[in-house]
S.K.: 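This is the structure, below, for whatever I ask next.
A, B, ... follow the sequence lines: proteins, then strands. Residue 1 opens every chain.
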Amino acid sequence: MENLEEKKSLNFIEQIIEEDLKEGLSADQLKFRFPPEPNGYLHIGHAKAFGLNFGLGEKYNAPVVLRFDDTNPSKEEQEYVDAIKYDLSWMGLKWAEERYSSDYFQQLYDWAVLLIKKGKAYVDSQSSEDMAEQKGTPTKPGRNSPYRDRTVEENLDLFNKMKQGEFKEGEHILRAKIDMTHVNMLMRDPIMYRVMHKAHHRTGNNWCIYPMYDWAHGESDYIEQISHSLCSLEFEPHRELYDWFLDQVYDQNTRPKQREFSRLNLNYTVMSKRKLMQLVEENLVGGWDDPRMPTISGLRRRGYTPASIHKFIVTAGVSKREQVIDVALLESCIRADLNKSTTRIMAVLDPLKLVITNYPEGETEIVMADNNPEDENAGQREMIFSREIYIEKADFIEECPSKVFKLGIGKEVRLKHGYIIKGEEVVRDAAGNIIEVKCSYDKKSKSGSGSEESQRKVKGTLHWVSASHHVTAQVNVYDRLFTVEAPDENKEVDFKTLINPASLTVLNDCKIELALKDAKPQERYQFQRLGYFCVDDDSTSEQLIFNRTATLKDFWAKKN
RNA sequence: UGUCCCAUGGUGUAAUGGUAACACUCCGGUUUUUGGUACCGUCAUUCAAGGUUCGAAUCCUUGUGGGACAACCA
């Protein structure tokens with residue numbers, strides 16, 4: 001009843017929309033679009049764009065068009081279309097229409113003919129070198145092409161022949177006739193069409209002329225009646241041309257408005273499609289979906305949830321400043337999500353055998369483990385405790401200082417959900433390596449028994465798994481892909497030389513609690529005290545494979 | 001030797017002329033059968049200098065710093 005709704009601050013795009021609404025744009029005219037080029041996989045940088053557009057669609061209850069910007073058949077493929085759609089669906093996004101710039105090739109052609117007739121476009125027949133030379137520089141005006149004043153009839157004829165395939169690539173192009181001395185270089189008679197004798201993934205061989213971005217994009221927005229066309233900052237100078245092209249065909253329908261926001265960058269990774277493509281093609285990673293990649297598919301395989309990615313981009317915000325966001329924010333988003341939702345599991349990645357000498361041989365017992373202390377409805381599960389168990393090698397230090405939360409000779413520690421044990425003796429192999437530790441246990445200290453002994457305070461609680469009741473699995477331990485914050489900062493240094501050699505460590509003898517023996521790909525768990533892990537897509541019941549999504553926060557590890 | 005965009009703690013984002021807030025990071029502390037979680041605390045007179053105003057992060061001017069602009073790419 002009362003309007004107690006807090007005033008949430010609007011980002012600058014939302015402010016523009018609110019203003020447009022105030023000035024007469026009706027709410028049912030609002031329409032947005034997400035226009036990926038199908039020449040690569042979606043990455044976390046794109047997430048900002050689709051998050052913004054679909055977010056606005058949701059906020060204003062307006063349709064969002066998924067439009068593939070497929071005007072360049074030499075780079076674009078169906079594989080990418082499929083991957084992009086899969087990623088967006090996985091993110092839970094629903095588009096009102098699925099469109100392709102190539103759907104509009106005929107309309108775009110007809111409009112181009114109209115421009116020729118109006119004397120606003122002409123066919124140029126020079127080499128690209130000559131044209132580039134005439135174009136001038138940002139500080140020097142350009143010069144007119146010798147073909148600039150061809151007659152309308154000649155232009156119409158030539159353009160038609162371009163379309164009919166009578167020319168080779170590069171022989172002729174269609175240009176808008178604007179102003180070769182314009183201060184904005186994009187306005188110096190920009191190219192509208194080039195000849196390309198290439199099959200297109202949708203239109204096949206129907207066309208051998210293809211429209212350029214500037215010509216196709218704004219007009220596509222207009223055809224679809226997009227109200228706000230949001231793109232990244234580097235398109236800012238294109239706006240003037242966007243508006244000029246729109247002026248040529250505008251007929252009182254909703255006029256799209258281009259506005260620009262900054263791209264999202266992440267530290268310790270690279271974000272350009274070209275560089276990501278290099279990593280894939282040179283086999284420096286396992287593919288576009290390698291869990292170290294900042295792609296949506298990589299994050300998915302790494303164990304990130306759609307909710308965590310969404311939270312991340314919302315937290316990052318929208319502005320016009322070049323942002324380099326700390327991966328720590330991404331990690332904090334996935335931890336926050338997984339902390340609430342994942343079942344806690346005992347997993348020993350680097351096993352050390354422990355023999356509890358005063359525990360009866362051949363005997364086992366069941367202990368109860370909480371599934372998730374953050375979720376009171378998560379319940380409990382059974383674990384088997386026995387005389388021989390594994391703990392993490394790093395959790396045993398022969399002479400362990402009392403303030404360190406680990407097992408040592410003569411030092412007590414608690415086995416989570418089990419008993420309090422004390423280190424008694426180390427067993428070494430011929431080379432002197434510790435291969436086993438003999439311990440004793442306090443029979444009365446069983447967790448959950450309520451006994452006085454069970455409630456003793458001991459420095460340290462370890463995770464463990466029974467030596468004869470577990471599954472052996474492979475665990476891929478991932479770390480950041482690059483050793484430096486900005487791998488592509490220095491143009492003298494090849495970013496590929498900065499790859500973190502420890503970005504992937506494969507562990508093959510990991511002992512996992514029996515509860516996970518039938519774990520399926522994409523399932524996520526917290527391995528107690530270690531971090532969050534998910535089942536890899538290649539995992540089978542014969543060979544379980546887990547990927548480390550993120551570590552737990554660990555102040556102790558940081559200090560050491 | 002131009003035009004345009006940007007400038008708030010380590011990183012982001014807010015404050016829309018009324019006295020700098022939130023998240024992450026960092027560092028300290030409390031609780032804890034995860035060195036997790038939760039909770040508490042520390043960290044900026046807003047790039048600079050002028051101006052307008054009772055009052056400026058916010059408006060104006062000039063600097064300074066960063067970015068964009070010359071692909072038959074998008």
S.K.: Given atom CG of D326(A) and atom C1' of rG9(B), what is their separation to the nearest angstrom?
M.R.: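 So the CG-C1' distance, D326(A) to rG9(B), works out to 14 Å.
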S.K.: Considering non-hydrogen atoms only, spot the tightest contact between L108(A) and S101(A) and give its length.
M.R.: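 So the two residues come closest at CD2-O, 4.4 Å.
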S.K.: Quick one: the dot-bracket string of RNA chain B, using Watson-Crick and G-U wobble pairs with both distances under 3.5 Å, [ ] for crossing pairs and | for bases paired to another strand.
M.R.: .((((((..((((....[..))))..((((.......)))).....(((((..]....))))))))))).....
S.K.: Look at R239(A) and rC5(B) and indicate whether a side-chain polar atom (N or O) is within less than 4.0 Å of OP1 or OP2.
M.R.: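 No, outside the criterion.
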S.K.: Among rA14(B), rA70(B), rU34(B), which nucleotide sits nearest the side chain of L552(A)?
M.R.: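 Nearest listed nucleotide: rU34(B).
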S.K.: What's the closest nucleotide to the side chain of F405(A) if the choices are rG35(B), rU25(B), rA70(B)?
M.R.: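 The answer is rG35(B), which lies nearest to the side chain.
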S.K.: Ignoring the backbone of A328(A), work out which of rC24(B), rA14(B), rU37(B) is nearest its side chain.
M.R.: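 Between rC24(B), rA14(B), rU37(B), the one nearest the side chain of A328(A) would be rC24(B).
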S.K.: Can you figure out which of rA15(B), rU13(B), rG35(B) approaches the side chain of S319(A) most closely?
M.R.: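 Taking heavy atoms from C-beta onward, the closest nucleotide is rU13(B).
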S.K.: Heavy-atom nearest nucleotide on RNA chain B for N339(A) versus T315(A): which residue maps closer to 5'?
M.R.: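 On the 5' side of the pair lies T315(A).
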S.K.: Whether the side chain of E236(A) and the base of rG67(B) hold a donor-acceptor pair under 3.5 Å is what I'd like checked.
M.R.: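 By the distance-only test, no, there is no pair.
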S.K.: Could you please name the option among rC73(B), rU16(B), rU34(B) that lies closest to any side-chain atom of P373(A)?
M.R.: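 Selected nucleotide (nearest to the side chain): rU34(B).
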S.K.: Is there a side-chain contact between T71(A) and the phosphate of rA74(B), meaning an N or O under 4.0 Å from OP1 or OP2?
M.R.: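 So the side-chain polar atoms of T71(A) do come within 4.0 Å of the phosphate oxygens OP1 or OP2 of rA74(B), strictly under.
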S.K.: Among rG35(B), rU1(B), rA74(B), which nucleotide has an atom closest to any side-chain atom of T139(A)?
M.R.: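 Of all the options, the side chain of T139(A) is nearest to rU1(B).
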S.K.: Between the base of rU33(B) and the side chain of S447(A), is there any donor-acceptor pair under 3.5 Å?
M.R.: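 Check passes, donor-acceptor contact within cut-off.
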S.K.: Answer yes or no for R150(A) and Y122(A): cation-pi contact, defined as NZ/CZ to six-membered ring centre under 6.0 Å and angle to ring axis within 45°.
M.R.: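 The answer is no; the distance or angle limit is not met.
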S.K.: Looking only at side-chain N and O atoms, does K553(A) come under 4.0 Å of OP1 or OP2 in rU25(B)?
M.R.: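 Checking K553(A) against rU25(B): at least one side-chain N or O falls below 4.0 Å of OP1 or OP2.
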S.K.: Under 4.0 Å from OP1 or OP2 of rG36(B): is there any side-chain N or O of R335(A) that close?
M.R.: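 For rG36(B), neither OP1 nor OP2 has a side-chain N or O of R335(A) closer than 4.0 Å.
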S.K.: As a test of reading the structure: which of rG12(B), rU34(B), rU13(B) is closest to the side chain of I325(A), going by heavy atoms?
M.R.: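 So the nucleotide nearest the side chain must be rG12(B).
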S.K.: Report the relative orientation of the aromatic rings in H46(A) and F34(A); use parallel for angles under 30°, tilted for 30 to 60°, perpendicular for over 60°.
M.R.: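 Ring orientation of H46(A) relative to F34(A): perpendicular.
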S.K.: Mapping V324(A) and T137(A) to their closest nucleotides on RNA chain B, which lands nearer the 5' end?
M.R.: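 Per heavy-atom nearest nucleotide, the more 5' residue is V324(A).
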S.K.: Quiz question: going by heavy-atom distance under 3.5 Å, is there a donor-acceptor pair between the base of rU13(B) and the side chain of Q323(A)?
M.R.: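 There is none.
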S.K.: With respect to the side chain of S332(A), which nucleotide from rA14(B), rU25(B), rU16(B) is positioned closest?
M.R.: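 Nearest to the side-chain atoms of S332(A), counting from C-beta on, is rU25(B).
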S.K.: Distance check: side-chain N/O of K75(A) vs OP1/OP2 of rA74(B), anything under 4.0 Å?
M.R.: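 No, outside the criterion.
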S.K.: Nearest to the side chain of E37(A) - rA74(B), rG35(B), rC69(B)?
M.R.: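 Nearest listed nucleotide: rA74(B).
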S.K.: Strictly under 6.0 Å, is that where the ring centroids of Y213(A) and F235(A) end up?
M.R.: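 So the answer is yes for these two rings.
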S.K.: Rounding to an integer number of Å, can you tell me how far L174(A) CG sits from rC72(B) P?
M.R.: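 Rounded to the whole Å, the gap is 14 Å.
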S.K.: Any idea how F527(A) and F546(A) line up, ring-wise: parallel (<30°), tilted (30 to 60°), or perpendicular (>60°)?
M.R.: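 Answer is perpendicular, since the angle exceeds 60°.
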S.K.: Should the ring pair F159(A) and Y109(A) be called parallel, tilted or perpendicular, given that the plane angle runs from 0 to 90° and is split at 30 and 60?
M.R.: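 Because their plane-to-plane angle is under 30°, the rings of F159(A) and Y109(A) count as parallel.
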S.K.: For Y390(A) together with W464(A), are the ring centres under 6.0 Å from each other?
M.R.: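 No, the ring centres sit 6.0 Å or more apart.
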S.K.: So does H238(A) reach the base of rA68(B) with its side chain, donor to acceptor, closer than 3.5 Å?
M.R.: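 No, the side chain and the base share no sub-3.5 Å donor-acceptor pair.
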S.K.: Counting heavy atoms from C-beta on, name the nucleotide in rU34(B), rA74(B), rA70(B) closest to the side chain of R344(A).
M.R.: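 Nucleotide nearest to R344(A)'s side chain: rU34(B).
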S.K.: Is there a salt bridge (charged side-chain N to carboxylate O under 4.0 Å, His left out) between K135(A) and D189(A) once you walk through the steps?
M.R.: CA-CA 9 Å; K135(A) 194 140 196 173; D189(A) 291 10; over 6 Å; no
S.K.: For rA74(B), take OP1 and OP2 only and decide whether either is under 4.0 Å from a side-chain N or O of R194(A).
M.R.: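 So the side chain of R194(A) is within the cut-off, an N or O lying under 4.0 Å from OP1 or OP2 of rA74(B).
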